[in-house]
Amino acid sequence: MATEIDTRTDTRTDTRNDTKNGTATDTRYLFETGSDHGRVQVDCLSAMLDSTTTGVLDDLGVREGWRCLELGAGNGSVARWMAQRVGPTGSVAAVDIDTRHLDPAPGVTAYRHDVNDDLPEDGPFDVIHARMLLMHLSRREEILRTLAGALAPGGWLVVTDVSDRLPTAAAGIDPGPAELFDRVLDTGMNRVGRPAGMNLEWARDVGRHLRDAGLEDIHGLEDAFTARGGTPAMLYYRSLIKQLEEPLQAAGLTTDDMRQFCDLVTDPQFSAWSYQFVTTWARRPTTRR
Ligand SMILES: C[S@@+](CC[C@H](N)C(=O)[O-])C[C@H]1O[C@@H](n2cnc3c(N)ncnc32)[C@H](O)[C@@H]1O
């Protein structure tokens, strides 16, 4: 049976030192995972990325008996895939600061927990996966070192985040809609996301941090694609905009801009690029060097 364990402390607004800029930063996660738009957000991520993610995990040999840790688990789709793979002799700990959409599943222990507060289970783990999480956390480098230390010898750490190559309208889209799409994305990422602590340089640098944490066998994969209005990759954008209406307005977008943007991303005649998702993985050496 699935179990849920609540280790909550009130840490949604967490002002700590940003090690990159040396300035105090509000590190509160920008989105409301438990809201209806948050549900669409995590479901769209699953639709866009699960085949890539499970393809990587499959290649790494996730199998019966493995101990898995899924961080920032969202709707739990990857945790459920892991639980099916590892069977009753394995284990899956699925961790999220907001578990309202972490659907229960046999073999998955769900933790309502803030990863800034260390891990809810000590491990060791045969695989740890964090998708679209660490880029949001100011203590990402420290957390990554903790994760590396929680791996079993030979265990894998898999991280996916987005790069600074922002989505743009696809070639051939009329200039008006293309300008609107590009401007809304630029405002969202550069004038709202970045100031709130979203790091778009991190994804391409994860390999170096994995190496510095003592891991080896480092590999990477980049994933970007065009999609038509109304498909999960486009509805994902709408879910983000709906959650950030106030800060977007403060950053210069009008309510009309946002309404037109939401119409655009549901229009099957419209097409745009996805984010560039960068997945990096590495493993803990099996022997001491
Ligand atoms: C962008 S969503 C990605 C969800 C899922 N990993 C996926 O890719 O489909 C980020 C997830 O991390 C969770 N999260 C954000 N900050 C967190 C924290 N400090 N500790 C644990 N989970 C966190 C959010 O609630 C959300 O479910």
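Indexing begins at 1, ligand by ligand and atom by atom, following the structure's order.
Shown in contact with Asn116 at under 4.0 Å from a heavy atom are these atoms of ligand 1, numbered in order with element: 19 (N). Taking every non-hydrogen atom of Asp114 and a distance limit under 4.0 Å, the qualifying atoms of ligand 1 come out as 18 (C), 19 (N), 20 (N). For ligand 1 and Thr33, the ligand atoms under 4.0 Å from any heavy atom of the residue are 24 (C), 25 (O), 26 (C), 27 (O). Heavy-atom proximity to Gln41, at under 4.0 Å, picks out these atoms of ligand 1: 1 (C). Which parts of ligand 1 touch Leu133 is read off a 4.0 Å heavy-atom cut-off, strictly below it: atoms 12 (O), 14 (N), 15 (C), 16 (N), 17 (C), 23 (C).
Closest to atom 22 (N) of ligand 1, if we only count protein heavy atoms, is Ile97 N, 3.1 Å. Taking atom 1 (C) of ligand 1 as the reference point, the nearest protein heavy-atom neighbour is Tyr29 OH, 3.2 Å. In terms of protein heavy-atom proximity, atom 4 (C) of ligand 1 is closest to Gly72 O, 3.3 Å. The protein non-hydrogen atom at the shortest distance from atom 9 (O) of ligand 1 is Arg131 NH2, 2.9 Å. Of all protein heavy atoms, the one closest to atom 20 (N) of ligand 1 is Val115 N, 3.0 Å.
For Ala79 against Val108, the heavy-atom pair with the smallest separation is O-CG2, 3.8 Å. Minimum heavy-atom separation, Met234 to Val265: CB-O, 3.3 Å.
Of the listed residues (Ile143, Leu147, Val95), just one forms a side chain to side chain contact (heavy atoms under 4.5 Å, CB included) with Leu119, and that residue is Leu147.
Look at His101 and you'll find every heavy atom at least 4.0 Å from all atoms of ligand 1. Within the structure, the closest approach of His113 to ligand 1 falls below 4.0 Å when heavy atoms are considered.
Judged purely by distance below 3.5 Å, without hydrogens or angles, the side chains of Thr266 and Arg238 never pair a donor atom with an acceptor atom.
Neither the backbone nor the side chain of Val78 comes within contact range of ligand 1; no heavy atom lies under 4.0 Å.
Relative orientation of the Tyr237 and Tyr275 rings is tilted, given thresholds of 30° and 60° on the angle between their planes. Ring geometry, His136 versus Tyr29: the interplanar angle exceeds 60°, so the pair is classed perpendicular (tilted spans 30 to 60°).
The 12-atom threshold is not exceeded at CZ of Arg191, counting heavy atoms of other residues, nucleotides or ligands nearer than 6.0 Å. More than 12 heavy-atom neighbours from other residues, nucleotides or ligands sit within 6.0 angstrom of CG on Asp59.
Proximity of Thr254 to Asp257: side-chain heavy atoms (C-beta onward) are separated by under 4.5 Å at one or more points.
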